[in-house]
A.B. asks: 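Supplied in structure tokens, the structure appears directly below.
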Number of protein chains: 2
Amino acid sequence: MPNAVPLNQDISLTVIKTACSNCNLRELCLPYGLDLEELERLDDLISTRRRIKRGDHLYRAGEPFDSIYAIRSGFFKTDVLLEDGRDQVTGFQMAGELLGLDGISTEHHTCNAIALEDSEICSIPFSKLESLSREIHNLQHHFHKVMSREIVRDHGVMMLLGTMRAEERLAAFLLNLSQRFTARGFSHAEFYLRMTREEIGSYLGLKLETVSRAFSRFQEEGHIAVQQKHIRILNVNGLKALMSQRT
Amino acid sequence: MPNAVPLNQDISLTVIKTACSNCNLRELCLPYGLDLEELERLDDLISTRRRIKRGDHLYRAGEPFDSIYAIRSGFFKTDVLLEDGRDQVTGFQMAGELLGLDGISTEHHTCNAIALEDSEICSIPFSKLESLSREIHNLQHHFHKVMSREIVRDHGVMMLLGTMRAEERLAAFLLNLSQRFTARGFSHAEFYLRMTREEIGSYLGLKLETVSRAFSRFQEEGHIAVQQKHIRILNVNGLKALMSQRT
DNA sequence: CACACCAGTTGACATGGATCAAGCTGAAGC
DNA sequence: GCTTCAGCTTGATCCATGTCAACTGGTGTG
């Protein structure tokens with residue numbers, strides 16, 4: 001059975017040196033659109049690479065901000081906590097995506113970033129990134145696009161939370177994951193969820209029982225095959241149709 | 001009775017020239033933290049100022065993006081439409097705030113920006129802003145903070161939509177408005193809502209009837225006085241308390 | 001290998017907010 | 001001043017999702 005998600009070993013064998021210029025994610029990540037000389041200048045910036053074990057925090061809300069992080073391999077969630085203990089998962093991030101953009105605003109992180117599997121990240125000191133992007137137009141512009149994309153993504157989540165019913169939310173979630181796995185060269189139809197039902201629920205504004213029931217329902221209707229965290233999408237159009245069906 | 005919200009006339013009398021350097025919003029808006037010489041260079045960039053009548057679009061989803069906009073006076077909403085007609089208000093923006101950041105990502109606007117009262121905006125051509133912020137470190141950094149702040153704000157809305165009950169959402173909304181009016185030198189306790197109950201509902205993920213009932217309830221309990229769109233906050237702590245009370 | 005435990009599933013019931021429906025109110029137009 | 005209409009309020013009812021509870025299965029550990 002093919003494995004839809006990268007195992008850490010695969011990556012750590014192919015990427016020996018910490019360098020954007022030989023990272024296989026460069027077309028997804030910050031270096032997008034840079035020429036070779038520019039890439040090498042970006043390499044100088046990214047000195048540290050760090051492993052984060054499953055369950056560990058990359059950063060916590062309230063900590064001082066000085067770097068953003070690019071995910072080289074693995075899977076993260078970010079969440080925000082309210083004083084009374086309620087929490088909201090604000091996103092799931094995978095290889096090639098950036099973490100920590102929320103910290104620029106106040107110079108302190110405003111959410112927690114937690115590894116959902118053993119992961120590897122590149123630290124990018126933010127003030128150095130700003131310096132370099134004053135010199136490299138392409139880098140500046142692409143960084144702005146990345147921040148803007150995050151804003152657009154958030155609007156999508158607001159739409160989801162504000163107007164969709166439970167099954168629509170879950171369908172949208174699965175289709176989004178599928179599309180992001182595809183962009184990374186993995187199967188669009190088969191993957192392992194790295195997060196629990198509770199974390200999915202938190203992200204989608206639902207309780208875990210509701211998520212579980214929706215999974216069962218999708219399975220009964222032949223849209224997907226679920227076996228614990230292993231998901232196979234059997235009928236993409238069925239899922240898409242679910243999303244626009246009103247009541 | 002004091003008017004908590006600026007009337008257009010007031011502003012247009014005091015601000016004669018289109019220039020950040022003599023705009024009374026400069027401490028809230030993009031020019032924050034710039035010295036005099038830098039301010040003047042920013043002035044050169046902001047050539048056009050435009051009036052938008054109540055109900056008119058500043059931009060529409062799908063239109064090509066080339067500028068971001070600073071609100072000089074007035075009040076806007078942004079919303080996203082789904083194919084099936086559902087829509088979600090993603091934010092309400094007031095003087096000193098920026099509109100259009102969502103367009104950087106794809107070079108097309110991804111939402112609609114609509115004036116909720118007669119308003120005035122400054123257009124800031126984005127490529128020029130990028131050039132200038134390659135030269136003015138402070139401008140670059142502040143722009144990054146503004147984008148990041150938008151991401152943090154969106155996380156707050158996700159929290160609200162994902163975990164709060166109706167009355168908590170409305171209390172959070174009122175407190176947020178109050179705080180933003182205060183930052184602009186208006187009364188924190190008394191203001192006019194520029195949006196309908198339906199628009200509030202869309203933003204908060206509720207139906208207009210639910211919003212209306214929550215207003216009535218707040219009034220019964222003495223937290224606020226509501227008369228149509230005129231709101232007086234009588235008990236800030238009461239509203240704050242509502243937000244953390246679980247079930 | 002057995003045990004413990006956590007994640008997930010499923011069922012029964014409760015409820016917050018949606019929906020449907022009827023009236024009310026205040027501002028704008030004639 | 002009267003009419004009209006969009007926006008708002010309020011009541012009655014319904015339903016999607018939450019809550020509570022019991023059970024199941026898979027995983028890791030001693």
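In what follows, chains carry the letters A, B, and so on, assigned in the order in which the sequence lines appear, proteins first and then strands, with residues in each chain numbered from 1. These numbers were taken from a predicted model, which means no experiment stands behind them.
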A.B. asks: Within a strict 4.5 Å, meaning less than it, do heavy atoms of the B:Lys77 and B:Glu199 side chains meet?
C.D. replies: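 Yes, their side chains come closer than 4.5 Å.
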A.B. asks: Output, in order, the C-alpha distance, side-chain angles, deciding distance and verdict of side-chain contact (heavy atoms from CB on, under 4.5 Å) for A:Leu160 and A:Phe173.
C.D. replies: CA-CA 9 Å; A:Leu160 180 145; A:Phe173 172 72; 5.6 Å; no
A.B. asks: Touch check for A:Gly201, heavy atoms < 4.0 angstrom, all strands: base, sugar-phosphate only, or nothing?
C.D. replies: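 Answer is nothing: A:Gly201 stays at 4.0 Å or more from every strand.
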A.B. asks: Grab the CZ-C1' distance between B:Arg54 and C:dA27 for me, whole Å please.
C.D. replies: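 To the nearest whole Å, that distance equals 11 Å.
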A.B. asks: For the pair B:Glu209 and B:Arg213, find out whether any cationic side-chain nitrogen is under 4.0 Å from an anionic carboxylate oxygen.
C.D. replies: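 B:Arg213 and B:Glu209: not salt-bridged.
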A.B. asks: Going by the rule side chain to side chain donor-acceptor pair (under 3.5 Å), which residues pair with A:Glu150 if we only count those two or more places apart in sequence or in a different chain?
C.D. replies: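 A:Arg153.
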A.B. asks: Step by step, would you call A:Glu120 with A:Arg50 a salt bridge (Lys or Arg N to Asp or Glu O under 4.0 Å)?
C.D. replies: CA-CA 6 Å; A:Glu120 252 186 323; A:Arg50 190 142 61 96; over 6 Å; no
A.B. asks: Taking the side chain as everything from C-beta on, heavy atoms only, tell me whether A:Phe92 gets closer than 4.5 Å to A:Phe75.
C.D. replies: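 Yes, their side chains come closer than 4.5 Å.
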A.B. asks: Calculate the interatomic distance between B:Arg165 atom CZ and D:dT17 atom P; express it in whole Å.
C.D. replies: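 My rounded result for the distance is 16 Å.
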A.B. asks: Tell me whether the rings of A:His223 and A:Phe218 are parallel (<30°), tilted (30 to 60°) or perpendicular (>60°).
C.D. replies: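 Ring orientation, 0 to 90° scale: perpendicular.
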A.B. asks: Can you give me the N/O atom pairs linking the protein to nucleotides 22-24 of chain C at distances under 3.5 Å, or say none if there are none?
C.D. replies:
none

A.B. asks: Should the heavy atoms of other residues, nucleotides or ligands under 6.0 Å from CD of A:Gln219 be counted, would the total exceed 12?
C.D. replies: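 Counting other residues, nucleotides and ligands, CD of A:Gln219 exceeds 12 neighbours.
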A.B. asks: Taking only nitrogen or oxygen atoms into account, show me every contact under 3.5 Å that the protein makes with nucleotides 7-11 of chain D, one pair per line with its distance.
C.D. replies:
| unit_1 | atom_1 | unit_2 | atom_2 | d |
| --- | --- | --- | --- | --- |
| D:dC8 | OP2 | B:Arg197 | N | 2.8 |
| D:dT9 | OP1 | B:Arg197 | NH2 | 3.3 |
| D:dT9 | OP2 | B:Arg197 | NE | 2.9 |
| D:dT9 | OP2 | B:Ser212 | OG | 2.7 |
| D:dT9 | O5' | B:Ser212 | OG | 3.1 |
| D:dT10 | OP2 | B:Ser216 | OG | 2.5 |
| D:dG11 | N7 | B:Arg213 | NH1 | 2.8 |
| D:dG11 | O6 | B:Arg213 | NH2 | 3.0 |

